[in-house]
Amino acid sequence: MKKPDPRVIFALVFATSTFAILIRENLAQMAGLFALVLACAALLRVPLKQLFGRLKRLLQILLFVAILRSFFTPSGLVLLAAWGLPLLTTGGLSMGILVALRLLVFIVGASIFTIYPTRALIQAMVQLRLPYEIAYMVSIGIRFVPQMAQELRDSLIALQLRGIVIEELKLKKRISLYSYLLLPTIVGGLRHAKELAMSMEMRAFRAKPSRTSFFSLKLSSKDVILLILIAVAAIAGGFIL
Amino acid sequence: MMRFENVKFKYPTNSDFELIIDNFEPKGCTAILGENASGKTTLGKLAAGILRPSSGAVYYHGEDIAGWKLGKIGRHVGYLFQEPSRQIFAPKPLEEIALPLELRGMPKEEARELALALLQEFELENIVNSTTFTLSRGEKQRLAIAAAMVMKPRFFVLDEPTTGLDKPRRQILAKTLKKMQADGMEILIISHDRDFVEIMGADIRRMEGGRLLDEKA
Ligand SMILES: Nc1ncnc2c1ncn2[C@@H]1O[C@H](COP(=O)(O)OP(=O)(O)O)[C@@H](O)[C@H]1O
Ligand SMILES: [Mg+2]
């Protein structure tokens, strides 16, 4: 199957992400949306198994968020209680799962872009009238995500090898630890981006007022049909909400 | 202390490479030499439990470490990453050393004092107040080694420890390692720096295509 034009994916991800933000309470709707994004990703042959393998720790954190939400916004039936305090309620749990699914809609949606070569993505953004520099930075950002995940994992390994059993840490410490570990990852990413920016300047990246592209993207009739489909689905979805 | 028995390992995403170690029991100071991509790093990661064998087992003091959490292995085994910036997670050198101690329940003051003493021992006192991300490779290397040392590992795996170190620094590293060895620590050095492992008086083994060669190199 020929891949659709990247702009179709932009429209798809834009629509699904918007709905992910708009759906506030209805778990069934969010689950449906997630299933839809997942199906699109699977159809486009995104290596999902690999993606979820990489996301294992994030998924654990998401589950954890689900439980936290369930604790702080209790409602519905009490499933688990201690000293008369509700620990797990049906309402809270479904709220927590909703939050987790919302994040997954973003992540799986964004992962679809990885099936395109960088320059196709840049070209799509340029033809969407985004400045080239921004388009370039965004596409680099997308490429950095797996690398940053790898670095975060390495930090975690290094820390555990200093004798820390993460599972044994108190909740509060564990949370502060995760946020602490994110720091070098982000700093590393930013430094890398800065170095890239400098090397781009040195190659006179911004010297020309306008740039021409060797190849340009054309929407095929199939792409147009897909775009119309997405628009119709989005409008229909808007009515359901 | 550490023993590999019929260990086989494959990366799930790479069918071209397989590591096969029938029997390997590094003693004292052992060095693994070998070409790029021969599997040295993979062997080191298996020894530290970062990777787990597909079949066979790695034993530490006769106990199969397969069921051990990484945190438990880390109480006995130290590991220096090939890329030192990969293992430095704190913004300040002092925290890099003190934080794991605090997380393990040591009072803050005590942990900081210990960290400071260690930084001095590794001649890093002049960078106590710098940011770890901007250190030179050699400084990162020394900080990473110092941080691993604070746990007093009984077995220390060092992956390419001399990359980025000039000659005097290499000699300092050799001296430190020898001192720790005299205190009873066993060392596995992964390297292609033949001079260094010879200074260390290491028992040298060669690695090729995922296998350890029998004869002493
Ligand atoms: N995470 C990984 N996934 C897949 N293949 C890997 C991975 N890490 C290393 N390899 C491959 O395994 C082989 C051995 O790598 P490595 O142990 O790093 O060798 P060395 O340290 O001797 O250079 C190489 O062919 C390398 O490409
Ligand atoms: Mg290596």
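Here is how names work: the chains are called A, B, and so on, in the same order as the sequence lines, proteins then strands, and each is numbered from 1.
At distances below 3.5 Å, at least one donor-acceptor pair connects side-chain atoms of A/Arg162 with backbone N or O atoms of B/Glu96.
If you measure heavy-atom distances from B/Val77 to chain A, the contacts under 4.5 Å come from the backbone alone. Within the 4.5 angstrom heavy-atom criterion, atoms from both the backbone and the side chain of A/Leu159 approach chain B. Using a 4.5 Å cut-off between heavy atoms, B/Leu99 contacts chain A through its side chain alone, with no backbone atom that close. Contact annotation for B/Ala144: neither backbone nor side-chain heavy atoms come within less than 4.5 Å of a heavy atom of chain A. Looking at B/Ile50, only its side chain comes within 4.5 Å of chain A, counting heavy atoms on both sides.
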Exercise. Kindly determine whether B/Phe81 and A/Ile157 satisfy side chain to side chain contact (heavy atoms under 4.5 Å, CB included), including the steps that lead there.
Key: CA-CA 10 Å; B/Phe81 277 72; A/Ile157 287 174; 3.9 Å; yes
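The only member of B/Leu70, B/Leu103, B/Leu101 that meets side-chain contact (heavy atoms from CB on, under 4.5 Å) when paired with A/Ile164 is B/Leu103.
Between A/Leu156 and B/Phe89 the shortest side-chain heavy-atom distance does not fall below 4.5 Å.
Within 6.0 Å of the CD atom in B/Glu35, the count of heavy atoms belonging to other residues, nucleotides or ligands does not exceed 12. Atom NZ of B/Lys69 is surrounded by 12 or fewer heavy atoms from other residues, nucleotides or ligands within 6.0 Å. Within a 6.0 Å sphere centred on CZ of B/Phe17, other residues, nucleotides and ligands contribute more than 12 heavy atoms.
For the atom pair B/Lys45 NZ and A/Leu161 CG, the distance stands at 10.5 Å (nearest 0.5 Å). Put simply, CD on A/Gln160 and NZ on B/Lys72 are 14.5 Å apart, with the number rounded to the nearest 0.5 Å. Here the straight-line distance linking atom CD1 of B/Ile88 with atom CG of A/Asp154 works out to 12.5 Å at 0.5 Å rounding.
Under the rule for a side-chain hydrogen bond (donor to acceptor under 3.5 Å, both in side chains), B/Glu113 has no partner lying at least two apart in sequence or in another chain. With sequence neighbours excluded, the residues satisfying side-chain hydrogen bond (donor to acceptor under 3.5 Å, both in side chains) with B/Glu5 are B/Arg3.
Heavy atoms only, all atoms of each residue included: A/Ala158 and B/Gln87 are closest at CB-CB, 3.5 Å.
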